[in-house]
Amino acid sequence: EAGVVQSPRYKIIEKKQPVAFWCNPISGHNTLYWYRQNLGQGPELLIRYENEEAVDDSQLPKDRFSAERLKGVDSTLKIQPAELGDSAVYLCASSRNAGTGANYGYTFGSGTRLTVV
Amino acid sequence: QKEVEQNSGPLSVPEGAIASLNCTYSDRGSQSFFWYRQYSGKSPELIMFIYSNGDKEDGRFTAQLNKASQYVSLLIRDSQPSDSATYLCAVSPGTGKLIFGQGTTLQVKP
């Protein structure tokens with residue numbers, strides 16, 4: 001089975017510009033997660049989707065970040081406008097459901113490394 | 001206090017030795033515990049999970065859980081240079097969210 005697919009792998013943008021990241025989860029996985037990993041730190045959850053519904057977005061900076069998961073499959077995470085502090089790796093993960101993820105962990109995609117200059 | 005704490009290291013061990021990685025967590029209601037391995041420039045890879053007190057072994061890896069002490073550890077026997085990576089401890093409070101520590105960098109020297 002194909003893993004979690006993310007694109008692009010790398011993105012360099014100037015501050016105040018918009019940027020978007022795309023994620024295609026493992027087929028049949030209803031739960032999708034977006035994490036952000038700063039250099040030297042562990043990943044931190046930004047938002048979790050159950051199908052097309054965002055069920056945990058408490059850590060998403062809503063003034064500049066937005067996300068969507070149309071049709072409960074692919075997801076897009078957007079930042080507008082980007083700030084220097086947004087430089088990080090953005091990781092997408094999926095699990096069959098939230099309970100499976102909680103009990104057995106989940107698989108991450110390869111991530112998108114964002115550099116804001 | 002951070003929810004999940006790890007010593008950032010680096011932890012340096014000679015090839016063939018046992019590497020011991022430790023993690024403490026603050027939420028007593030945490031239910032499942034995970035170890036991820038992350039090579040430089042790569043995404044985290046799940047290597048083990050545990051949810052019962054005691055030991056769980058998988059090949060050269062042993063995860064140990066002590067809920068009373070809120071302590072999780074990972075032992076790597078017969079360490080190899082290919083084990084050199086950052087090891088992330090993660091904890092699940094049961095909501096579907098994993099809370100990660102900052103990771104411990106392991107260096108295995110030939």
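A, B, ... follow the sequence lines: proteins, then strands. Residue 1 opens every chain.
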The residue among A/Trp22, A/Trp34, A/Tyr49 that forms side-chain hydrogen bond (donor to acceptor under 3.5 Å, both in side chains) with A/Ser75 is A/Trp34
> In the single-linkage hydrophobic clustering (I, L, V, M, F, W, Y; side-chain heavy atoms under 4.5 Å), do B/Val4 and B/Leu11 co-cluster?
Replying inline: yes
Interface check, chain B: of A/Gly99, A/Ser95, A/Pro43, most non-hydrogen pairs under 4.5 Å belong to A/Pro43
Applying a strict 4.5 Å limit to non-hydrogen atoms, the region of A/Phe108 in contact with chain B is both
Q: Show the numbers, then the answer: is there a side-chain hydrogen bond (donor to acceptor under 3.5 Å, both in side chains) between A/Asp74 and A/Thr76?
A: CA-CA 7 Å; A/Asp74 295 0; A/Thr76 302; over 6 Å; no
If one checks every heavy atom of B/Leu46 against chain A at 4.5 Å, the contacting part turns out to be side chain
Whatever's closer than 4.5 Å to a heavy atom in chain B on A/Gln37 counts as side chain
Does B/Arg77 form a side-chain contact (heavy atoms from CB on, under 4.5 Å) with B/Thr62? I'd like the steps, not just the answer. CA-CA 8 Å; B/Arg77 290 183 299 281; B/Thr62 299; 2.7 Å; yes
Bottom line for A/Tyr35: the part with an atom under 4.5 Å from chain B's heavy atoms is side chain
If you tally heavy-atom pairs under 4.5 Å between each of A/Gly105, A/Gly40, A/Gly111, A/Gly109 and chain B, the highest tally belongs to A/Gly105
Cut-off 4.5 Å, heavy atoms of chain B, and the answer for A/Asn103 is both
The interface call for B/Phe33 against chain A, heavy-atom contacts under 4.5 Å, is neither
Whatever's closer than 4.5 Å to a heavy atom in chain A on B/Glu45 counts as neither
If one checks every heavy atom of B/Lys42 against chain A at 4.5 Å, the contacting part turns out to be neither
Notebook entry, point to check: Is the closest basic N to carboxylate O distance between A/Glu50 and A/Arg48 below 4.0 Å?
Noted result: yes
When the 4.5 angstrom heavy-atom criterion is applied to B/Phe49 and chain A, the contacting part is side chain
- A/Lys15 vs A/Pro81 side-chain heavy atoms within contact, under 4.5 Å: no
* To do: Can you label the angle between the A/Tyr90 ring and the A/Phe21 ring as parallel, tilted or perpendicular, going by 30° and 60°?
  => parallel
What I want to check is whether the side chains of B/Glu5 and B/Thr24 have a donor and an acceptor closer together than 3.5 Å. no
